[in-house]
Amino acid sequence: MAIRLQGVEKTYAARGGNDQVFALRGINLDIPRGNIVGVIGKSGAGKSTLIRLINGLELPTAGKVIVDGVEVSALSEKQVRDERRSIGMIFQHFNLLARRTAYGNVALPLEIAGVPAAEIKKRVLPLLDLVGLADKADRYPSELSGGQKQRVGIARALATKPKVLLSDEATSALDPETTESILALLRQVNAEFNLTVLLITHEMSVIKAVADRVAVIEGGHIVEQGPTYDVFTQPTNATTRKFVSELTGTALPEHIRNRIVSAPAVGKQAYVTLTFKGEGAAQPFLSVLTRRLGLDFGIIQAKVDHIHGKPFGTLVISADATPEKLDALQTEASTLGLETEVLGYA
Ligand code: ADP
């Protein structure tokens with residue numbers, strides 16, 4: 001089930017005044033069927049509003065929200081309620097009922113939908129098994145860890161056999177290791193049920209781990225979107241670069257940054273950033289450059305990462321190089337598919 005937002009705008013009346021708050025503006029977003037699409041943004045960027053528009057809790061002020069070919073804003077209230085049944089949701093704070101067991105929580109949406117008890121049992125037990133909680137069916141939320149609670153949340157979201165799963169900061173309250181296991185589970189259910197997943201997060205590591213595509217949202221606008229690998233390796237927007245740099249961490253160490261100047265001088269080392277991705281990343285480029293240029297390099301910072309099995313990274317190197325040698329370095333590097341930036345001399 002695909003989701004499409006076309007020219008979507010959402011304004012709220014500001015509290016206690018006549019002003020309007022533009023929560024979302026000019027939103028065009030395609031979430032193809034079976035894809036995992038991540039939306040990343042800071043607090044107040046408009047992420048929750050986006051989710052509420054997709055599940056029909058809010059109507060857009062302008063534009064269209066189309067879920068599975070149906071324009072949500074054109075539906076009656078009853079139709080929206082039916083529609084919502086084909087959308088599963090998971091939350092940052094799990095939203096489990098404390099007085100129901102894991103089983104009872106997963107069964108709840110089925111009870112509401114009027115599914116007979118025998119049928120409910122046939123559905124709930126395999127779901128608890130799927131999320132790795134077959135032995136915790138009778139436990140109450142207070143007896144479960146954060147990760148286990150989110151597993152119950154995922155089983156509950158899947159109970160009505162939705163075609164779309166909306167994840168609202170579902171791993172934000174979890175430690176990194178638990179986050180990883182929950183994201184792996186999301187990938188698993190995405191593949192197993194060809195589930196379309198929209199996940200909202202403020203963490204680039206979450207996007208990197210699971211999203212096929214990413215949209216960066218700021219001040220109610222999508223400032224950049226595309227395949228995750230492309231956005232990571234070629235961010236064009238300043239906000240995106242900031243999110244990406246949280247992971248790539250390639251700023252110069254402070255003690256060098258404080259000494260760096262733009263003019264070369266005898267006895268100073270040149271500092272250069274090499275960025276590599278795709279084919280270029282797979283070659284032994286540093287030794288090729290050393291051979292071709294007769295230059296020796298020191299490694300100041302290095303970070304290599306992988307998205308969907310494809311490597312990318314940045315390297316800050318130092319070399320005893322004249323400006324002419326640096327020109328030659330930049331030319332050679334570009335023939336190897338690397339991008340370079342001369343940071344200066346220190
Ligand atoms: P995020 O989920 O990224 O933190 P939100 O979608 O919650 O962002 O909010 C986007 C903007 O819309 C914010 O400026 C917020 O204050 C405003 N907003 C959200 N909901 C309402 C509301 N019900 N009434 C007024 N303003 C709202």
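Counting from 1, the numbers follow the sequence of the chain as shown. No hydrogens, no waters, no symmetry mates; every other heavy atom, side chains included, goes into these values. Every number for a ligand or one of its atoms is a count from 1 in the order of the listing.
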Is any N or O atom of V21, backbone or side chain, closer than 3.5 Å to an N or O atom of ligand 1? no
To check your reading of the model: name the closest protein heavy atom to atom 22 (C) of ligand 1, its residue, and the distance in Å. Y12 CD2, 3.5 Å
Tell me, with the steps shown, if E332 and K325 meet salt bridge (charged side-chain N to carboxylate O under 4.0 Å, His left out). CA-CA 10 Å; E332 285 293 345; K325 272 277 185 200; over 6 Å; no
Does F91 offer a backbone N or O that forms a donor-acceptor pair with the side chain of Q150 under 3.5 Å? yes
4.0 Å heavy-atom contact, G41 with ligand 1: no
Testing the 3.5 Å rule here: is there a donor-acceptor pair between the side chains of E218 and T239? yes
Taking distance alone, with no angle check, do A23 and ligand 1 share an N/O pair under 3.5 Å? no
Taking distance alone, with no angle check, do G44 and ligand 1 share an N/O pair under 3.5 Å? yes
List, by chain and number, the other hydrophobic cluster members for L57, where Ile, Leu, Val, Met, Phe, Trp and Tyr join if side-chain heavy atoms come within less than 4.5 Å, directly or indirectly. none
Hey, does K42 sit under 4.0 Å from ligand 1 if you only count heavy atoms? yes
Go through the side-chain N and O atoms of T49 and Y12 and say whether any donor and acceptor fall under 3.5 Å apart. yes
E58, any N or O under 3.5 Å of ligand 1 N or O: no
Atom 10 (C) of ligand 1 protein-contacted (non-hydrogen atom, under 4.0 angstrom): yes
Check whether any side-chain N or O of Q330 sits under 3.5 Å from a backbone N or O of D327 as a donor-acceptor pair, and report yes or no. no
Using a heavy-atom cut-off of under 4.0 Å, does the side chain or the backbone of H202 touch ligand 1, or both, or neither? neither
In the complex you have, is atom 4 (O) of ligand 1 within reach of the protein, judged by whether a heavy-atom distance drops under 4.0 Å? yes
What do you reckon, are the aromatic ring centroids of F276 and F285 less than 6.0 Å apart? yes
